[in-house]
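Step one of this worksheet: look at the structure below.
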Amino acid sequence: MDIYNFNIEFQLAALLFTVLFLSFFIGEFRQITKRNIIFIIQVVICILNLLVDITSVIFITYYTSYRLLGYEISPWLEFWTIFFAKAYIVLVVSFLYTILVYVANACHYRGIGKKASKTIHIVVFCLSIGVIMVATMAVIEPIYFDGDGFHAWSYGVGASATYYYGAFCAVCAVIIFSVGWKNMSHRERRPIIAFLITQGGVAIIQSFFPNILILGLGNALTEAFIYKSLTVHEKNKVHNDTINSFAEIIEAREKNTGEHIKRTRKYVQIIADELLKINYDRKLVNKDWTNRLSQAAALHDLGKLPIPNDVLSKPGKLTDEEYAVIKKHPEFGANIIKGSLNKIGDPLFQELAWEMAYTHHEKWDGSGYPRGLKGKEIPLSGQIMAVADVFDAVSQKRCYRAAMTLDESFSIISDGIGTHFNPDIAKAFIQARPVVERAYMVFIEQQNAREETEALESAQKTKG
């Protein structure tokens with residue numbers, strides 16, 4: 001009986017552990033998201049699983065002891081022993097299914113191709129049907145005592161199906177993660193890797209040492225790692241909201257550029273994706289880097305915040321003195337990021353944001369500013385931002401000039417190869433012209449819709 005008492009204490013500790021993480025979650029997370037809902041369902045199933053597991057161990061221990069000692073088995077003892085044994089099987093298979101769903105939700109909605117995404121949807125759907133079938137089988141299948149030991153119970157096909165289903169869920173979760181991990185930051189990957197390893201390790205140990213009931217502890221540890229994953233995800237969301245807030249402030253100050261940040265951010269992402277396709281600088285350019293690059297692009301004009309309004313929003317041509325003030329914005333931006341925003345995001349984001357703010361006006365031939373960097377002295381992020389920045393500047397209308405056509409705008413990029421722009425970056429942008437044009441047309445449509453709305457609102461105010 002000692003080992004069984006030890007196992008009950010083990011499960012009670014895991015139960016307390018899980019309840020604590022649920023209380024932390026309820027205290028910290030106010031917003032309801034799909035991932036949060038999945039986590040809550042997981043924790044509830046995990047808690048029920050542990051409660052049922054503890055109760056099942058108690059009933060099976062008494063049932064087995066009575067049977068071995070020759071005592072009469074009452075109908076209620078037999079009923080509840082079988083009930084909790086079956087309930088445990090159903091909850092185990094349900095918990096394993098929710099892990100698969102969590103991994104799929106965390107990994108596959110971020111940059112995965114349509115074909116892979118569709119395949120993952122089909123797999124999750126099939127396993128959704130599978131969990132119902134396996135749980136039903138476990139409930140219908142008879143369970144009876146057939147020996148003289150604690151584990152001398154016949155669980156039938158239902159229990160075997162549960163193990164196979166659980167193994168298949170685990171394999172699918174690992175495959176889905178292997179497809180989507182490149183789209184996640186290092187901080188997001190680690191908790192998911194940890195709970196996948198935990199579940200696998202616990203399952204192996206449990207298979208070789210069935211008397212040591214550590215599956216509940218494994219589930220509790222899994223919830224701890226998923227809670228950590230959600231915390232990282234929430235921090236990333238706050239990080240993105242902060243970036244977007246700064247972007248809105250910059251846009252609001254420089255009214256004559258009209259969503260320049262939103263457009264350049266998209267063009268930066270297009271260039272980065274093109275570089276990924278051609279395996280450009282594989283040691284540096286990966287999905288994690290390109291995701292951070294796109295985020296950091298929103299802060300490239302942060303240094304314009306200290307620029308006086310009369311200079312920043314001047315409708316006509318700038319004087320030499322005013323242009324000299326404007327040329328200070330890369331240094332201003334770099335100083336703000338280094339001095340005040342160094343706690344936003346991870347180190348990679350901070351580095352890219354600083355580089356893009358400081359070097360996006362440098363030119364490949366060394367004639368740019370603020371430092372006159374030349375060639376590969378300019379960080380790759382700054383080289384990419386330079387192309388996106390110039391293309392948007394010439395392809396959009398300003399209060400002092402009309403917008404260039406797309407052909408003229410691409411000619412500007414082509415003419416700047418080797419002088420203003422890194423040839424590889426400029427050629428990658430030109431190669432991605434169909435994607436750029438689609439994005440450009442979407443921006444134009446949105447801009448026209450806004451202008452129509454503003455004109456309508458203005459007309460209504462005038463009538464009023």
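Numbering of residues begins at 1 and proceeds along the displayed sequence.
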### Message
Rounded at 0.5 Å granularity, tell me how far OG in S395 sits from CD in E437.
### Response
11.0 Å

### Minimum heavy-atom distance between W354 and K338, given as atom pair plus value
CD1-CB, 4.1 Å

### Message
Does atom CD (Q446) have a neighbourhood of more than 12 heavy atoms from anything else shown, all under 6.0 Å?
### Response
yes

### Check: I425 and W364 side chains under 4.5 Å, non-hydrogen atoms
no

### Task
Tell me yes or no: between the side chains of H260 and D389, is some donor less than 3.5 Å from an acceptor?
yes

### Summary
OH of Y440 to CD of E445, rounded to nearest 0.5 Å, is 11.5 Å

### Query
Would you find more than 12 non-hydrogen atoms of other residues, nucleotides or ligands less than 6.0 Å from F168 atom CZ?
no

### Task
Evaluate the side-chain proximity of I278 to L275: yes if any heavy-atom separation is below 4.5 Å, no if none is.
yes

#### Entry: Atom pair SG (C172) and CG (L96), whose distance is rounded to the nearest 0.5 Å
12.0 Å

### Contacts of R438 that satisfy salt bridge (Lys or Arg N to Asp or Glu O under 4.0 Å) - sequence neighbours left out
none

## Note on the structure
Per side-chain contact (heavy atoms from CB on, under 4.5 Å), L91 is matched among V52, D53, L50 by V52

### I40 CD1 to I45 CD1 distance, which is reported to the nearest 0.5 Å
12.0 Å

### Message
What's the separation between atom SG in C169 and atom CZ in F95, rounded to the nearest 0.5 Å?
### Response
11.5 Å

### Message
Any non-hydrogen side-chain atom of E355 less than 4.5 Å from a side-chain atom of Q350?
### Response
no

### Message
Between D273 and Q269, do the side chains contain a donor N or O and an acceptor N or O under 3.5 Å apart?
### Response
yes

### Query
Any Lys/Arg nitrogen of K262 or D392 sitting under 4.0 Å from an Asp/Glu carboxylate oxygen of the other?
no

### Task
Could you tell me which non-hydrogen atom of I270 sits nearest to which non-hydrogen atom of A439, and how far apart they are?
CD1-CB, 4.1 Å

### Task
Side-chain contact test, heavy atoms from C-beta onward, threshold under 4.5 Å: evaluate it for V134 versus Y164 and give yes or no.
no

### Over all atoms of both residues, closest heavy-atom pair of V93 and V131
O-CG2, 3.9 Å

### Task
Under the side chain to side chain contact (heavy atoms under 4.5 Å, CB included) rule, what do R433 and L406 come out as? Steps first, then yes or no, please.
CA-CA 10 Å; R433 177 166 178 167; L406 280 175; 4.2 Å; yes

### Query
Side chains of K427 and Q431: does their closest heavy-atom pair fall under 4.5 Å?
no

### Query
Can any side-chain N or O of Y165 pair as donor or acceptor with the backbone N or O of L127 at less than 3.5 Å?
yes

### Query
Is I99 close to Q42 at the side-chain level, that is, under 4.5 Å between some pair of heavy atoms?
yes

### Task
Please report the shortest heavy-atom distance between F421 and A426, naming the atom on each side.
CB-CB, 4.0 Å

### Task
Calculate, to the nearest 0.5 Å, the distance between atoms CG and OG belonging to L373 and S367 respectively.
11.5 Å

### Residues D320, K327; criterion salt bridge (charged side-chain N to carboxylate O under 4.0 Å, His left out); working and verdict
CA-CA 10 Å; D320 291 342; K327 287 173 67 175; over 6 Å; no

#### Entry: Verdict with reasoning, L380 to L293, per side chain to side chain contact (heavy atoms under 4.5 Å, CB included)
CA-CA 10 Å; L380 183 60; L293 185 76; over 6 Å; no

### Message
For A388 versus V268, what's the shortest heavy-atom pair and its separation?
### Response
CB-CG2, 3.7 Å

### Task
Taking all heavy atoms of I120 and all of A104, pick out the closest pair and write down the distance.
CG2-CB, 4.1 Å

### Task
Would you confirm whether the ring centroid of F39 sits within less than 6.0 angstrom of the ring centroid of Y102?
no

### N-O pairing of K304 and D301 below 4.0 Å
yes

### Task
State, with a plain yes or no, whether a side-chain heavy atom of Q396 is found less than 4.5 Å away from one of F391.
no

### Message
Between T264 (side chain only) and I261 (backbone N and O only), is there a donor and an acceptor less than 3.5 Å apart?
### Response
yes

### Message
Checking the side chain of E408 only, and the main-chain atoms of T405 only, is there a donor and an acceptor separated by less than 3.5 Å?
### Response
yes

### Query
Would you call F349 and Q295 a side-chain contact if the rule is heavy atoms closer than 4.5 Å?
yes

### Message
Donor-acceptor pair, distance only, cut-off 3.5 Å: does the side chain of T359 make one with the backbone of E362?
### Response
no

### Task
Using atom types as modelled and distance alone, determine if a side-chain donor or acceptor of S414 lies under 3.5 Å from a backbone N or O of S411.
no

### Task
Could you tell me if the ring centre of F429 sits under 6.0 Å from that of F410?
yes

### Query
Hey, would you say the H300 and H361 ring centroids sit under 6.0 Å apart?
no

### Task
Output yes when a side-chain donor or acceptor of Q383 lies under 3.5 Å from a complementary backbone atom of I378, and no otherwise.
yes

### Task
Carefully, step by step, assess E331 and Y369 under the rule side chain to side chain contact (heavy atoms under 4.5 Å, CB included).
CA-CA 10 Å; E331 293 180 80; Y369 64 88; over 6 Å; no

